[in-house]
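In what follows, a single structure is set out as C-alpha cells and then discussed.
By convention in this document, chain letters (A, B, ...) are assigned in the order of the sequence lines, proteins followed by strands, and residues within each chain are numbered from 1. Remember, predicted model here, so these are calculated numbers, not experimental data.
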Amino acid sequence: MAVDVERMRHSSAHVLAEAVLKLFPGTKVGIGPAIDDGFYYDFLFPTPITNEDLPAIEKEMRRIIAGNHPFVRREVSKEEARKLFADQPFKLELIEGLEEGTISVYEQDGFIDLCRGPHVETTRDIRPDAFKLRTIAGAYWRGDEKRPMLTRIYAYAFASKAELEAHLKMLEEAERRDNRKLGKELDLFSTHEEAGPGLIYWHPKGGRFRVELEKWWRDEHFKNGYEILFTPHIGKSWLWETSGHLGFYKGNMYSPMTIDEEDYYIKPMNCPFHIMIYKNSTHSYRDLPLRWAELGTVYRYERSGVLHGLMRVRGFTQDDAHIICTPEQIEDEIAEVLRFSLAMWKTLGFKEIKAYLATRPQDSVGEPARWDQALESLRKAVEKEGLAYEVDEGGGAFYGPKIDLKIKDAIGREWQMTTIQFDFNLPERFDMTYTDKDGQLKRPYMVHRALLGSIERFFGVFIEHYAGAFPLWLCPEQVAVIPVAPTFSDYAKKIADELKKRDIRVKAMLSDERMNAKIRDAQNQKIPYMLVVGQKEMEENQVSIRYRDGRQENGVSFERFVGQVLDKIATKALDL
RNA sequence: GCCGGGAUAGCUCAUUUGGCAGAGCGGCGCACUCGUAAUGCGCAGGUGUCGGGUUCGAUUCCCGAUCCCGGCUCCA
C-alpha cells in the first residue's frame, strides 16, 4: 500500500513535468521524487513563474491524467540517453553519474523522463482529486548552494481524496497551534528585530512556565545523581583552540571581543567549561561517574533564512550535561540517561518516542574499538528500554556515535529532542585523566547529553503539542476567579487570596466587564479552572468550577476544590 | 546566505489608473450591576519598516537595506 502511494506520487511528478513542459516550452527539468506527503519537481524556467501559474499547471495535469496514458519503461544505453536528453543539461549530468546498463527511461503521453521507476500502469492510476499543487520554492540543484537555484513545485498527493483532506486538516491544525501565533496570543514571548532577530524575550507568563519547568528539571537531576554547574558565557580563544571549536565550529560562532588585548568568544557550547572544572583537580576512579548538568545558555550564528519562532533561534539554553566515567561504567551510564530521558518525556505527556542510532562517519577521531564499544552500549540501552529504533549509518559526529530521540506530538509530527553523544575528541584534546585502581592515569569516557534539547525549542514544541492548553502544573495561570457581578468582588478576592497562600497561581478578574466577557477571556487564555462565584457560593463558601475543556461543576466546597487542585499539581497530572 | 512572497494603529486586517489613511479587537473614560465564550456609548492611538530616487504630489511606481513568511542548506 505504502509502495503504491509512493509510485503514484512519483508518477504524478512525471505528469507535473509533462504539464510544465507543455505550458512553458524551453523549461529545463531537474529531478522529481516522491516525498512524505506528496512529491515535487525542480525546474529551470525560461522566465520566472509565480504561485498564480499553479492552477493552470494543475488543470493541465488533470487533462493528462484523464488521457489514460500508459507509463512505458525502456532500458537505454548511456549513448542513447545522452541523445534523448540532449537539451536537458541537468539530466545529462545525472546520466554521467550512472553506470552503463542501469539506465532506464519512462515515457507517458510523449513525455520521456530519465527514471529508475517504478511507476503506476497508466496516468489513470493517479487520483485526480487526491493531489494538489502546493507552492513554489527555490531549491539548489542537488542541494548545493554553489549550484544553480531551480524552481521547485511542491504538491500534496495521497491515495485517496479523504487522505488528502485529512492531511490538509492536519496542516490547518498545525497553523492553529503555531508557537509564534500562540506565543503572541498567550503573551508568552516575543522577538524584536530592532534588538536582534532570533533572540527570545520571555514575558512574565513564559517566564512562569520556564521557572516551573526548570525547578522540576533541577529536582529531577539531583534525584538522578547529577550535580549542577554554572559556567561563564565567554571564554578566551585558548579554550576554543584547545577544544577545536575554532577549527571545526567557527562558522557558527560569533566574532570575538577583545578584553585586555585577548580574544574572548561567546560560548556556542558548554562542554569546554565543564572540562575546566574537571581539570581543576585530579580524579580517582572512585570519583566516577561524574554527572554534571547545566542549563547553559549558548549563542550560535544561524543564517538569517533559517530562524523560526522558538524552534530555531540564535541564543538558547541547553539542558546540557556531561557524564564522565570509566569504560566499565559506560554501558550503565548510557542506559541510565536513556531511562531518565524517557521518564521526563512521560511526565511531560509525550508517549510516542523513537530512537535513531548514528554510527561512525568517514572522517572520525578515536579508535574503532572504542566506537564499537560505545555503539554497542547505545544499542543495548535502546533495546533494554524496548524502544523502536533505526540505525543511521555514518550519521554520527566525527567525535563519537550518538542516539537521538524523536518524539511525536499530538498531531503526528516528529521532533528531534533528546541527544546522547559520545565524545572521543575532547578528553584527548584537554588531556583529561583519572587514576585507575592500578595507579595508572587513564582517559575517561565522556558523554554529552541534552534531554529537552533546548528550553526555547522545547517550549515551542510543547506549545504546539498542547495547543497552548498546558498541563496544570506548568500553566502560568492556573485559576481565574470570576464574580458574576461586581457585588461579589470581595468574595472573589478573598478566594483568590486564599489560593495564593497555597501557592496556586490565581488571577481575580475584577474589572467592570461582564462575566461572560471574562469567561471568554479566561477561556482564550486557556486557564485550566475558572471559578464563577455569586450569591450562592458566597453564602455556602463554595465555588462553581468551569473547566478549560467546557465541563462545569457547581456548588463545590472551596476546600474540596483546593484539595483537588493541589493534588493535580503535586502529581503533575496531565488531566484536570 | 540563496529563490519566491511580504511589511499599513499594541493585535488581526482593509485602503487601485499616484491626490488629506480605515475597521474590528485591545487601551482609556462614562454609563450599565449582570449566573457560564464578547453590555452600550465616547475618546486617544499612524513619519504607512528604514534610506534613496521618479513626480507638483508617493502608503501606492523604481532602487537599496532590514526584518518576517514559504522553501533550499543547516540544525538544539
Euclidean distance for P, B/A58 against B/G52 (whole angstrom) = 13 Å
message = Partner lookup for B/A38, please. Criteria are Watson-Crick or G-U wobble with both distances under 3.5 angstrom; report none if nothing qualifies.
response = none
key: Atom-pair distance (CG on A/L186; C1' on B/G10), nearest Å   = 16 Å
request  = Searching all strands shown, indicate the nucleotide that pairs with B/C43 (Watson-Crick or G-U wobble; both distances under 3.5 Å).
outcome  = B/G27
task = Please state how far atom NE2 in A/H192 lies from atom P in B/C68, giving the value in whole angstrom units.
result = 12 Å
inquiry  = Taking the side chain as everything from C-beta on, heavy atoms only, tell me whether A/W216 gets closer than 4.5 Å to A/E212.
reply    = no
inquiry  = Using the side-chain contact (heavy atoms from CB on, under 4.5 Å) criterion, which residues pair with A/A381? Sequence neighbours excluded.
reply    = A/I334, A/A335, A/L338
ask   = Mind checking the P distance from B/C13 to B/C56? Whole angstroms is fine.
value = 38 Å
request  = Sticking with atom C1', work out how far B/G53 lies from B/A14, rounded to a whole angstrom.
outcome  = 29 Å
key: Counterpart residues, side-chain hydrogen bond (donor to acceptor under 3.5 Å, both in side chains), relative to A/R314 (two or more places apart)   = none
inquiry  = Under 3.5 Å for both donor-acceptor distances, Watson-Crick or wobble: does B/U15 have a partner, and if so which one?
reply    = none
key: Per-nucleotide protein contact string for nucleotides 40-50 of chain B (B base, S sugar-phosphate only, - none; heavy atom under 4.0 Å)   = -----------
query = Which part of the nucleic acid, if any, lies within contact of A/L307, taking any heavy atom under 4.0 Å across all strands shown: a base, the sugar-phosphate backbone alone, or nothing?
reply = sugar-phosphate
key: Quiz item: cation-pi between A/R9 and A/F158, 6.0 Å / 45°   = yes
ask   = Atom CZ of A/F488 and atom P of B/U36: how far apart are they, to the nearest Å?
value = 14 Å
ask   = Does a side-chain N-to-carboxylate-O contact under 4.0 Å join A/K28 and A/E93?
value = no
message = So, using side-chain hydrogen bond (donor to acceptor under 3.5 Å, both in side chains) as the criterion, who are the partners of A/Y154 when residues are at least two apart?
response = A/R152
remark   = Whichever of A/K184 and A/T191 has the more 5' nearest nucleotide on RNA chain B, that residue is A/K184
ask   = Does A/K518 put a side-chain nitrogen or oxygen below 4.0 Å from OP1 or OP2 of B/A38?
value = no
task = Please determine if A/R218 and A/E214 form a salt bridge, counting it only when a charged side-chain N lies under 4.0 Å from a carboxylate O.
result = yes
task = Under the ring-ring contact (aromatic ring centres under 6.0 Å, His included) rule, collect the residues that match up with A/Y491, sequence neighbours excluded.
result = none
task = Would you mind classifying the nucleic acid contact of A/E537 as base, sugar-phosphate or nothing, using non-hydrogen atoms under 4.0 angstrom?
result = base
inquiry  = Please report the distance, rounded to the nearest Å, between OH in A/Y41 and P in B/C3.
reply    = 23 Å
request  = For nucleotides B/U54 and B/U60, find the distance between their C1' atoms and express it as a whole number of Å.
outcome  = 13 Å
key: Reading 5' to 3' through nucleotides 71-76 of chain B, protein heavy-atom contacts under 4.0 Å coded B for base, S for sugar-phosphate only, - for none   = BBBBBB
note = By the Watson-Crick or G-U definition, both distances under 3.5 Å, B/G4 is matched with B/C69
Gap in Å between the two C1' atoms, one belonging to B/G19 and one to B/A37, rounded = 45 Å
ask   = In whole angstrom, what separates A/D549's CG from B/U36's C1'?
value = 13 Å
key: Distance in angstrom units between A/I519 CD1 and B/U39 P, rounded   = 11 Å
request  = Determine the Euclidean distance between corresponding P atoms of B/G6 and B/G64; express it in Å to zero decimal places.
outcome  = 15 Å
message = Tell me if a side-chain donor or acceptor on A/D319 pairs with a main-chain N or O of A/L295 at a distance below 3.5 Å.
response = no
query = Rounded to the nearest Å, what distance is computed from the NZ atom of residue A/K536 to the P atom of nucleotide B/U36?
reply = 14 Å
ask   = Under the ring pair (Phe, Tyr, Trp, His ring centres under 6.0 Å) rule, what pairs show up with a residue in residues 172-199 of chain A, not counting sequence neighbours?
value = A/H192-A/Y201
message = Rounded to whole Å, please give me the gap between CD in A/Q525 and C1' in B/A37.
response = 13 Å
request  = Just call it for A/D521: base, sugar-phosphate, or nothing, with non-hydrogen atoms closer than 4.0 Å on any strand.
outcome  = nothing
remark   = Applying the 3.5 Å cut-off to both distances, the Watson-Crick or G-U partner of B/G51 turns out to be B/C63
remark   = A correct 5'-to-3' footprint of nucleotides 23-34 of chain B, with B, S and - meaning base, sugar-phosphate only and no protein heavy atom under 4.0 Å, is ---------BBB
request  = Indicate, with a heavy-atom threshold strictly under 4.0 Å, whether A/A450 touches base, sugar-phosphate, or nothing.
outcome  = nothing
ask   = With sequence neighbours excluded, what pairs up with A/K354 under the side-chain hydrogen bond (donor to acceptor under 3.5 Å, both in side chains) test?
value = A/E390
request  = Look at all strands and tell whether A/R548 reaches a base, only sugar-phosphate, or nothing, counting heavy atoms closer than 4.0 Å.
outcome  = nothing
request  = Determine the interatomic distance between C1' on B/U17 and the same-named atom on B/C2; round to the nearest Å.
outcome  = 36 Å
request  = Please list, chain by chain and in numerical order, all residues satisfying side-chain hydrogen bond (donor to acceptor under 3.5 Å, both in side chains) with A/Q88, sequence neighbours excluded.
outcome  = none
message = Using the C1' atom as the point on both nucleotides, what is the distance between B/G45 and B/G4, in whole Å?
response = 35 Å
remark   = Taken in chain and number order and not counting sequence neighbours, the residues that satisfy side-chain contact (heavy atoms from CB on, under 4.5 Å) with A/E553 are A/I545, A/Y547, A/V556, A/R560
By side-chain contact (heavy atoms from CB on, under 4.5 Å) - contacts of A/A13 (at least two apart) = A/F39, A/Y41
